[in-house]
Structures are given as C-alpha cells and as structure tokens.
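First comes the structure, then the notes that go with it.
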Amino acid sequence: MDAISYSGKIDEKWQKKWADTGLYHFDINSDKPKIYLLEMFSYPSASKLHMGHWWNYSLPDSWGRMKRMQGYNVFHPMGFDAFGLPAENYAIKTGIHPKDSTEENIATMEQQLAKIGCTYDWDHEIKTCDPKYYKWTQWLFIQLYKHGLAYKKEALVNWCPKCNTVLANEQAAGGECERCHSTVEQRNMSQWFFKITDYAEELLRDHDKLDWPERTKSIQKNWIGRSTGTEVSFKVDGSDEVISVFTTRVDTLMGLSYIVLAPESPLARKLTKPEQSEAVEKYISEAMKKNEIERSSTSAEYEKTGVFTGSWAIHPLTGDKVQVWISDYVIASYGTGAVMAVPAHDERDFEFATKFGLPINRVITGGDGTEELPYCEKGVLINSGKYDGLDFAAAKKAMTADLAAMNMGSEKVTYRLRDWSVSRQRYWGCPIPVIYCDKCGVVPVPEDQLPVELPYDVEFMPTGESPLKSCESYVNTTCPCCGGKAKRETDTLDTFVCSSWYQLRYPENNRDDVPFGEDTVNKFMPVDKYVGGIEHAAMHLLYCRFIYKALRDMGYVKGDEPYPSLVHQGVIFGPDGFRMSKSRGNTVAPDEYVSKYGSDVFRTYLAFGFEYSSGGAWKDSGIEGISSFFRRFTRMVESYLETASNGGEMVVNAEADRVRHQTIKAVTNDVEIFHFNTAIARLMEFCTAIIKYQSGADRNAAFERTLVEDFVKMIGIFAPHYGEELWEKLGNEYSLFNQSWCVYDESKTVLDEFELAVQVCGKIKDKLTVSASASEDEIKEAALALEKVQAAIGGKPVKKVIVIKKRLVNIVV
RNA sequence: GCCGCUGUGGUGGAAUAGGCAGACACAAGGGACUUAAAAUCCCUCGCCCUUAAAGCGUACCGGUUCAAGUCCGGUCAGCGGCACCA
C-alpha cells in the first residue's frame, strides 16, 4: 500500500482476488439466515456506467456487506433487462443486430460493474433476452392464460407513432409516450392484456404490509384510483335498453337533468333516433379524432361539446323523463361509460347544461346561504321529496336502499386502474407463445415446446406491424392441436413482463425443468431489501406485485408480496441542478474520479456527500476530505503496527472502549436504515478520537488490536478494496468479508444508559435518571440539586431529575 | 381541486424513543510548521453583541409537555402523483 494515500491502485488486485477465490459465491445450501438484497437491474447500454449506476449499486452493496459480516447468507445477484426498444432502434439506424449489440453491451457493463467492487455472484446472472430465461417468461404468459388472467381483445390502445408500438396506460400517462414524449394516439387494435384489475383491491389493501416510502404507496394508490359510489340503472323510454351510470353523489339524484354517454359507448348508436342519426355520427367521428390531451383538458379552449340522441331516460325514483346526450366529457373506460348529470352540483354538468340549455335543479344546500351554483360540496337535501333534510351519508344510504329494492341500483366500487396491455409490435422482445389456427382458434404453445425462439434474420424497419410478421419461417407453423397449418402471434411482450418475475429466477437461474424451484423460492423469497428508482412506482413495482399475487393464487409461491421493504435511491443531478444529459452538457463521469481517487474514495464520497433517497446536484467539493480521511486512517494503522512491533503497550482504556461500542452500534444502525452519510461521519469522529489518544499523554494505550480491527471492518463496508488491504496489512487471514463483525450484543447497552434509583432524602422515592456519560460527580451534583430544590419548594415530592452531561437539565415536581 | 412528501447555518447535511439544535464535512477566515510549496496540525465559523453574559433562533401561527426540529391543529412555500374519473 502506498504509504501516504489510497489511490485506487489496489482496486484491481482485490477485484481479481475476489473473482479468483469466488469470495462472493453464493451458497444456496447455507444454514445461515438469508438476506436477499436486490437492486433493479439495468438496461445494457453502450455508454460507460454513469453516476446513477454507481449511486444505485455501490451503497446497497455496502448494506449487503454489513449484513454479510453480521453473519447472514447474503444473496446479491445482478442481471440485465436486455430486451427493449433502444437496441432495436439502434439496429434500424446502424444495421447492427439487437442481439449482437446487446450482448456486447452486457459484456462491457459486466466489466464496468466489476470496478465498483460489488458483492455480486455472477454465476446467478440473468439476461432477459436469453432463451433460457424467456422460455419461462413465456411459461408465465401461458399460466396466466390458463387461469384467465391473460386475454386478447379488440380495444382502443395507446399508440406511439414514433416508437411504432402500443404502450401500456402506465407508459402513456398524461397522453405522452414515457420513452420519447411523443403525443400518444388512440388506435383500435387486437391486443393481449393481463387482468391486473382482478387484483386492484388487494394491491391497494396490501400496502399496509409494505415498508415502502409513503409517496410510493400514494402513487400506486392514485393510479389504482378506488372510489366508492352507487350504480344506478335508467330505463329508456320506448326501448329495452338500460343505461347504467356510476356516481359517487347519488344524494343528488333528485336533481337529475340529463344522462350522458361516452361517444365510444355501444349504447350511443343504439339509442340514437333516426332523426338524430346524422348529427350523432358526425359527432362521434369527430370525437374519436381528438387525442387524449384535447379530450381531457380542463382549459377553456376546449369547450364542452355534445349531441342529443333523441332518446329519453326514465328517472327510477320519480318516473320523470330526461334527455340522453352523447359527449366526450364522459370517459368510456371509466365506470360504466355513462353518467347522470346534475348541473346544480357538478361543475362539468353545469357548464354543459348552461351551454345546451338543459335544466338546472338545486337539491343540496350547504345551510350557509350560498346561492351560487354549481354547489359541489356535500350538504343537506332539499327539493328531494321524502329525502329532504337528510345529509350526504344518510341520503346515500336511503336512496341506494330504495334503488336496490327496485332492482335499479346498488353500491359499487370503481377503479381507475385498467388491464395491463402487453402486446408490442416490435421485434426485440419476448415472443408471445400463442398460435392461431383456423380450426382450433387461439392455441397456447404447449409448455414442452417452449421456448418459442426469436428468429435472428428479420427485417427491422418499422412499418406499424411487428417485424416478425414478415418472417415467414417464424409465422407459419403447425397447430399443436390439429396439426394443420397455423400462424404464430407476431407481437412480442412488453419488457415489463420480463422483469415482473425476475427476482424468482435468480436463485436457480440455470434450471431447465422449472422456472424456479419451489423449495428454493420459499427459502429465499421475499426480497429483503429492494432498491430502485421511484419512476417505477406505477409500473414495474405494480406489475411485480400483481404477478407475484397471481403466482401465489396458482400455488407457485407463498407470501403476498415480493418486495416488503423498498428503498428508492435519489437522483444525482448535474452540477447545475438539472438532470444530467449529454444535450445539456452537464454530465459528470464517475470514471475521472475513480481513476484519480480510486473506487473506494469515490464510493465513500457518494455515501457521505448526499442523502441516499434524495440525491441532489453533483458537487465534488468534499471528495478531498474523504481522501484525506483515508490518509489519516492509513497513518494511524501504520503507527499502530509500528508500535506493536516495538512491543508497545496494548491496554485499552475504558473511554475508548465505550466510544468503540457506541460507534459500532450507531454505524450498524445507520447503515441498516441507509443513513450512510451519518455512518461515515461517525467513522470520522472515531478516527479523530483515536488519533487524539495517540497524540495525547497515554499514547498507544487505546491501540488495542480490536479497536483498529473494528475500524477496518467498518471502513471496509464502504471501501472494500481499502478494507481488504488494511486487513492484510494487519497480518490477518483473507478475507475481511469473511469476518464476523458488529453482531451487537444488546446486553452491552447498559453501557449507554442506566437508571439509578437514588434516595436523596427520605421523602423522595422516585427515580433519578442519569445519562450514561454522567460521572460520579454529576450524579452527586444532581442529588445536591435535588436537595436544594427540595428545600426551596418546602418538601414537595420531586418526580424526576434530568441530568445531561454536566448540566442539570430539569427537575420535575 | 384531491392525495402524498419536504421545509434546519454560506453549502451538503446531522440530531435512534420528545431530552445540550447545527454532529460530520465543504467553503470562508486566522494561526503553527516550512527558505518556499505540498502535506499535516490547531483555532474561529446560526443571529444579536467590541467582548462576555443574557437573549433570540429548525418556513409561519397556535396547542400539548418540566422539555418540541421531532407530537397535535391551522397557514404558507416547494416537489411529486391523480384529475372533465362522474
């Protein structure tokens, strides 16, 4: 080791040794308690690792190292989310096949990741584009199909014109393509869906079981969008059709003015009278042309539009007739695609009624004299016949009960969540294992014929249809049922399907008979700590939960949640505070710091300089401080070794031992909850304290071997190469990370705090609480203070005296 | 509009369970060592004040408590999610 500084020259030496000795090899049969530590895997990109990779991966690795040294069998695998659009788009641009570029990128990234110095066991690596892996993604699809959770339907879907593919709702939030930000169009296509809506209620309810950040749960909650209300049926005058509407404000039913249908609603055309037919057709075709943003905008420039169908609906409670309209302010896919309009108590209905001259009947009063309409608050019913005087809750109950008695309504829960659209019209993805036969219809590929391999020679140029469609050798096949001619499904699966179950595959990534061994999965699931970006809150994290629950219901896994404990890494922004991007020119490459300071200084600086779940704007002003901290510590170890070899004294003093215990306890706790910056601050303090003993009168006294060793073990968590080096310097056996450390013995907590029942005088029998650091003198001081107080207040009982360090903090009478 | 999170020095950020607010660093200023530089070490560093003491300080207002950055109620600001969702 360089006598003056750690410069990173030792990094390679230790990385090689770790690899050669298989130090991080995972023993699947170990009896030790397990920890499954997982970071969201990466997309294999051609560029070098960026700040985000180091940030995302190095710190959870420190957590894993600590757990390892605490005696856990830590499973910490890594893999690649290898299917996806960028590789395909790259192929379109350059002609390089996605498989070739992806494999090359993976090889590069593996080398790069090694430089971080993580505890990955590469024997457990998975690549989602590997047929050995996607065979089982296809297996998953088939299980879902068999259990009615995968289905195909003609549906309006989000189409990204730039990516030339369908997007899931989650990937098209706000009418914008998640990837390229193009405006998403609506297209009617036949698509595969997964029935995530079957699990809406459980996905919501089980948030209680999750140790997840509140805002992440909140994102999922909003996305699922549960709302409770009443479904009300309206008969149509002169027709057998019944219009169902969903409302959360059934209490306003007596103020009904008209009914509105979404343009896409099948009832829209059915209820249109001949004389209105032309106007309705015109309206519907125009409404369909509008995109999501135009339809959903609340701004004034998109004024409400609509058309009367000519039909009249009958109020179930009064028998009154109201007009049935069509308007695109009603969303087809939410609720029943039809609403009851009460203009007096709803802003949208009010605007619409005002424009088209429909009745506005007030039925709710706030009791505060407000006359202005619309009045959208809850209040007391008026003009509602026998319901007058009831408040919201009572009215809702009474009216729902009356409707139910007439078989014209019931309580209903509605979700905003829609089924997950998984078909993608692209090449570089997992083939959907389905065959279409003229005789037998939709036939899933038999499991013993999996995987359906993605053909290599395919024309990628985007046409709006899957490139696989042009690959005849792929498309044309025989029906597994009748042996006749049949065609393969040519769409591929959304890559989120590939990553929706990957955590189950890691432990036995090479099994060919099953996707995962039942015993193994039961032993290693759930993932104990999952780390990844919050941007996946309503996508990957929701899909994973859904798939896990579905697999549970099929009997393949136990437990309800795959990721009970989740941590989000924050984002490291450019020095200007904006997200790093090449176009903005504010990128900061880890490489330059790593080559200057070494992986360990860089890792430790990341841990110290930013708060893990917040991140922040990049700054390097403190990195020298970490470097000099390493130097200080190196000097201390050298000094210790020198003293030791000269037969120096090795007596540990009590104060040093106390500080040692406190530091271990605190650092353990800090790392446990990902407060890495605080942990390192404590290490620095500890280092300073030791150096003070060293330069003080009792030089060497504190240099008990365990003191130094404990410190090396702690610094090794953050600086693994440096830690190993020091460990070796101390003449210890390889490896530092085979050592047990900081299994903190709770019985020692008496060192920190103790309570003394002190009877200062006859009348006081209560406890005197003294902090751990209180000396004899301080206790005496407290007792003396008690006596004085006692005298001053004339013998009243004193409940408690609080002494912190040398100060009497408070006296409770 | 509804929901969630966050507000602490010049900066990053500490403060386990309600108990010395600002740990640990960065930046800044001063000093020691040195021919000089590098390296290293020491001191100062929330506001008020010449200094000390006292006082004031964790976005703002109020409450609970012997004691509040922390708990409760309200307000404001920032960030994020949902939103013509009936």
Side-chain angles (χ1 to χ4, degrees), chain A residues 4-5 173-174 213-227 229-230 232 245-250 252 259-260 262 295-299 302-304 327-342 345-352 376 414-417 534-535 537-538 605 608-611 613-626 628-629 631-632 635 665-666 668-670 672-673 675 677-688 691 695 752-753 769 771 773 798-813:
Chain A
I4 297 159
S5 67
E214 238 4 90
R215 60 181 175 141
T216 312
K217 292 189 199 176
S218 158
I219 290 169
Q220 291 201 345
K221 243 174 243 178
N222 288 334
W223 189 256
I224 295 167
R226 182 185 204 269
S227 83
T230 308
V232 185
V245 306
F246 173 75
T247 178
T248 54
R249 289 300 303 271
V250 74
T252 63
I259 299 285
V260 203
R295 291 242 342 228
S296 66
S297 175
T298 49
S299 69
Y302 298 106
E303 207 180 296
K304 294 240 174 333
S327 173
D328 61 9
Y329 84 86
V330 175
I331 294 163
S333 50
Y334 183 77
T336 60
V339 305
M340 58 173 234
V342 184
H345 306 293
D346 183 283
E347 275 180 41
R348 298 152 295 175
D349 298 343
F350 186 83
E351 195 191 322
F352 192 86
C376 302
T414 297
Y415 302 92
R416 205 194 69 98
L417 184 72
I534 195 169
E535 66 274 15
Y605 174 61
F608 181 67
F610 309 84
E611 209 263 302
S613 54
S614 330
W618 172 258
K619 66 203 183 280
D620 58 13
S621 56
I623 198 164
E624 282 291 348
I626 299 294
S628 89
F629 164 54
R631 286 195 293 271
R632 268 193 300 158
R635 278 202 307 278
K665 195 187 173 192
T668 315
N669 194 49
D670 288 338
E672 182 67 48
I673 58 176
H675 282 187
N677 43 10
T678 326
I680 289 164
R682 290 188 208 283
L683 291 182
M684 288 175 169
E685 273 181 280
F686 190 41
C687 183
T688 306
I691 285 171
S695 54
D752 298 318
E753 206 167 344
T769 307
S771 78
S773 49
V798 172
K799 283 183 187 153
K800 203 183 200 181
V801 174
I802 297 160
V803 178
I804 291 167
K805 297 248 165 126
K806 291 187 175 172
R807 253 179 80 193
L808 178 69
V809 171
N810 226 318
I811 297 157
V812 184
V813 183

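In the text below, chain A, chain B and the rest are named by the order of the sequence lines, each starting its count at 1.
Here Tyr329(A) does not reach the OP1 or OP2 of A86(B): none of its side-chain N or O atoms lies under 4.0 Å away. Residue Arg631(A) places at least one side-chain N or O under 4.0 Å from the OP1 or OP2 atom of U40(B). For the pair Arg635(A) and A39(B), the criterion of a side-chain N or O lying under 4.0 Å from OP1 or OP2 is not met. Taking 4.0 angstrom as the limit, His675(A) places none of its side-chain polar atoms (N or O) nearer than this to OP1 or OP2 of G13(B).
For the pair Lys304(A) and Phe350(A), the cation-pi criterion (under 6.0 Å, within 45° of the ring axis) is not fulfilled.
Between the CD atom in Glu685(A) and the CD1 atom in Ile680(A) there is a gap of 13.0 Å [rounded to 0.5 Å]. Expressed to the nearest 0.5 Å, how far NZ of Lys217(A) lies from CD1 of Ile224(A) amounts to 12.5 Å.
Closest contact between the side chain of Glu611(A) and the listed nucleotides A86(B), C24(B), A14(B) involves A14(B). When the nucleotides G13(B), G81(B), A86(B) are ranked by their closest atom to the side chain of Asn222(A), G81(B) comes out on top. When the nucleotides C3(B), A25(B), C85(B) are ranked by their closest atom to the side chain of Met684(A), A25(B) comes out on top. Among the nucleotides A86(B), G80(B), C24(B), the one closest to any side-chain atom of Glu685(A) is C24(B). When distances are taken from the side chain of Trp223(A) to each of G12(B), C82(B), A86(B), the shortest belongs to C82(B). The side chain of Arg416(A) lies closest to C85(B) when the candidates are A25(B), C85(B), A14(B). Residue Arg348(A) has its side chain nearest to A86(B) when only A86(B), C26(B), A14(B) are considered. Closest approach to the Glu214(A) side chain among C26(B), G4(B), G81(B) is made by G4(B) (side chain taken as heavy atoms from C-beta onward).
Distance Lys665(A) NZ to U16(B) P: 12 Å, rounded to the nearest Å. Protein atom NZ of Lys217(A) is 22 Å distant from nucleotide atom P of G80(B), rounded to whole Å. Atoms CD1 (Ile331(A)) and C1' (C82(B)) sit 12 Å apart, rounded to a whole Å. A straight line from CZ of Arg226(A) to P of A83(B) spans 19 Å, rounded to a whole angstrom. Going from atom NZ of Lys619(A) over to atom P of C26(B) covers 12 Å, rounded to whole Å. Rounded to whole angstrom, the span from the CG atom of Asp328(A) across to the P atom of A86(B) amounts to 18 Å. Between Glu624(A) atom CD and U40(B) atom C1' the separation is 14 Å, expressed in whole Å. With rounding to whole Å, Phe629(A) atom CZ is found 17 Å from U40(B) atom C1'.
Nearest heavy atom pair, residue Ala538(A) against residue Ile219(A), reads CB-CG2, 4.1 Å. Across every non-hydrogen atom of Val330(A) and Ala262(A), the tightest pair is O-CB, 3.4 Å.
Look at the P atom in both G13(B) and U6(B): the space between them is 14 Å, to the nearest Å. Taking atom C1' in both A83(B) and G19(B), the straight-line distance is 45 Å, to the nearest Å. Taking atom P on both nucleotides, C56(B) is separated from C48(B) by 16 Å, rounded to a whole Å. Annotation: A53(B) and U34(B) have their P atoms spaced 35 Å apart (nearest Å). Annotation: A21(B) and G46(B) have their C1' atoms spaced 10 Å apart (nearest Å). Remark: the separation of the P atoms in G22(B) and G30(B) is 26 Å, to the nearest Å. Taking the P atoms as reference points, C82(B) lies 43 Å from A28(B), given to the whole Å. Rounded to whole Å, the separation between the P atoms of C61(B) and U70(B) comes to 13 Å.
Applying the Watson-Crick and G-U wobble criteria (two distances, each under 3.5 Å), A14(B) pairs with nothing in any strand. U40(B) is paired with A32(B) under the criterion used here, namely a Watson-Crick or G-U wobble arrangement in which both key atom distances are under 3.5 Å. Nucleotide A77(B) is matched to U6(B) when pairs are restricted to Watson-Crick or G-U wobble geometry with both distances under 3.5 angstrom. With a cut-off of 3.5 Å on both pairing distances, A54(B) has no Watson-Crick or G-U wobble partner at all. Partner assigned to G1(B) is C82(B), using Watson-Crick or G-U wobble distances below 3.5 angstrom. With a cut-off of 3.5 Å on both pairing distances, A21(B) has no Watson-Crick or G-U wobble partner at all. For C49(B), there is no paired base (Watson-Crick or G-U wobble, both distances below 3.5 Å).
Using a 4.0 Å heavy-atom distance criterion, Ala538(A) is classed as making no nucleic acid contact. At the heavy-atom level, Gly335(A) lies nowhere under 4.0 Å from the strands shown. At a threshold of 4.0 angstrom between heavy atoms, the contacts of Phe352(A) with the nucleic acid are absent. Among the heavy atoms of the strands, none lies under 4.0 Å from Gly225(A). Note on Ser628(A): only backbone sugar-phosphate atoms sit closer than 4.0 angstrom, heavy atoms only; bases stay farther off.
A donor and an acceptor atom sit less than 3.5 Å apart, one in the side chain of Lys304(A) and one in the base of C84(B).
Classification of G4(B) as anti follows from a glycosidic angle more than 90° from 0.
Under the 30°/60° scheme for interplanar angles, the aromatic rings of Phe610(A) and Tyr605(A) are found to stand perpendicular.
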Inset, instruction - Go through the steps for Arg249(A) and Val342(A) under the test side chain to side chain contact (heavy atoms under 4.5 Å, CB included), then give the verdict. - result: CA-CA 9 Å; Arg249(A) 289 300 303 271; Val342(A) 184; over 6 Å; no

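Judged by distance alone, the side chains of Ser227(A) and Arg416(A) never bring a donor and an acceptor atom under 3.5 Å apart.
Within a 6.0 Å sphere centred on CD of Glu347(A), heavy atoms belonging to other residues, nucleotides or ligands number 12 at most.
Toward the 5' end of RNA chain B, the nearer of the two residues Met340(A) and Arg215(A), judged by each one's closest nucleotide, is Arg215(A). With RNA chain B read from its 5' end, the first of the two nearest nucleotides for Asn677(A) and Gly337(A) is the one closest to Asn677(A).
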